[in-house]
Amino acid sequence: MKNATLPSLRVDSMLRAAAESVLQEGETLSGFVLEAVRLNIARREAQREFIMRGLVVREEARLSGHYISSDEMLKRLDASLAKARAKQAVGNR
């Protein structure tokens, strides 16, 4: 049920033309804008949750005194990436 509106936007003609040029068949400019708003909301919520998790972990590390050096973490991430790439290479054979 639609019972609210978003503010009207004044944009330059080049931005409107660019938006219209990427519309898919049957898609309206209003639908495109609505999808863009929804995607940005989801992205910002994910970003906020990511930051909050990081702050919680930082506080837990501070309280416990258990930290992992950046060098160690980078080694772990490199190993994880190598493992994922190896798994993907096996799957692509």
Side-chain angles (χ1 to χ4, degrees):
M1 171 188 300
K2 295 180 183 178
N3 58 4
T5 61
L6 291 173
S8 297
L9 301 173
R10 287 212 165 276
V11 298
D12 64 48
S13 58
M14 289 179 63
L15 180 60
R16 182 181 174 116
E20 289 173 337
S21 74
V22 298
L23 293 178
Q24 297 176 354
E25 188 173 330
E27 185 177 31
T28 65
L29 188 55
S30 294
F32 177 81
V33 171
L34 183 57
E35 180 184 16
V37 169
R38 285 185 177 135
L39 290 171
N40 260 306
I41 290 169
R43 182 184 56 81
R44 288 186 182 195
E45 286 174 343
Q47 183 180 44
R48 181 179 19 203
E49 290 169 11
F50 176 81
I51 291 169
M52 292 306 298
R53 286 192 313 269
L55 293 173
V56 167
V57 170
R58 180 186 69 177
E59 183 63 13
E60 289 172 355
R62 188 185 70 75
L63 291 173
S64 72
H66 180 72
Y67 293 90
I68 299 172
S69 71
S70 58
D71 288 339
E72 176 61 28
M73 183 51 68
L74 288 173
K75 286 178 189 174
R76 290 182 187 186
L77 290 170
D78 285 340
S80 179
L81 180 59
K83 184 177 177 181
R85 284 181 173 160
K87 184 177 179 181
Q88 185 179 27
V90 169
N92 288 334
R93 288 184 189 170

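Here, residue 1 is the first one in the sequence, and each next residue gets the next number.
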Check L23 against T28 and note the closest heavy-atom contact, atom names and distance. CD2-O, 3.7 Å

Verify, without hydrogens or angle tests, whether S64 (side chain) and E60 (backbone) share a donor-acceptor contact under 3.5 angstrom. yes

Rounded to the nearest 0.5 Å, how far does CD of E45 lie from CD of Q47? 11.5 Å

More than 12 heavy atoms of other residues, nucleotides or ligands under 6.0 Å from CD of E59: yes or no? yes

Is it true that, when you exclude E72 itself, more than 12 heavy atoms of the residues, nucleotides or ligands shown sit nearer than 6.0 Å to its CD? yes

Mind listing the side-chain donor-acceptor pairs of residues 15-22 below 3.5 Å, one per line with the distance, residues two or more places apart or on another chain?
| unit_1 | atom_1 | unit_2 | atom_2 | d |
| --- | --- | --- | --- | --- |
| R16 | NE | E20 | OE2 | 2.8 |
| R16 | NH2 | E20 | OE2 | 3.2 |
| S21 | OG | A18 | O | 2.7 |

Ion pair E35/R38, N-O distance below 4.0 Å: no

Distance (rounded to the nearest 0.5 Å) between K83 NZ and S80 OG: 7.5 Å

Just wondering, do L77 and L81 contact through their side chains at under 4.5 Å, heavy atoms? no

Could you check if a side-chain atom of L39 sits within less than 4.5 angstrom of a side-chain atom of R43, using non-hydrogen atoms only? no

Within one Ile-Leu-Val-Met-Phe-Trp-Tyr cluster: I41 and L6, side-chain cutoff 4.5 Å: yes

Donor-acceptor pair, side chain of E27 and main chain of Q24, under 3.5 angstrom: yes

Can you find a pair of side-chain heavy atoms, one from R62 and one from Y67, that are under 4.5 Å apart? yes

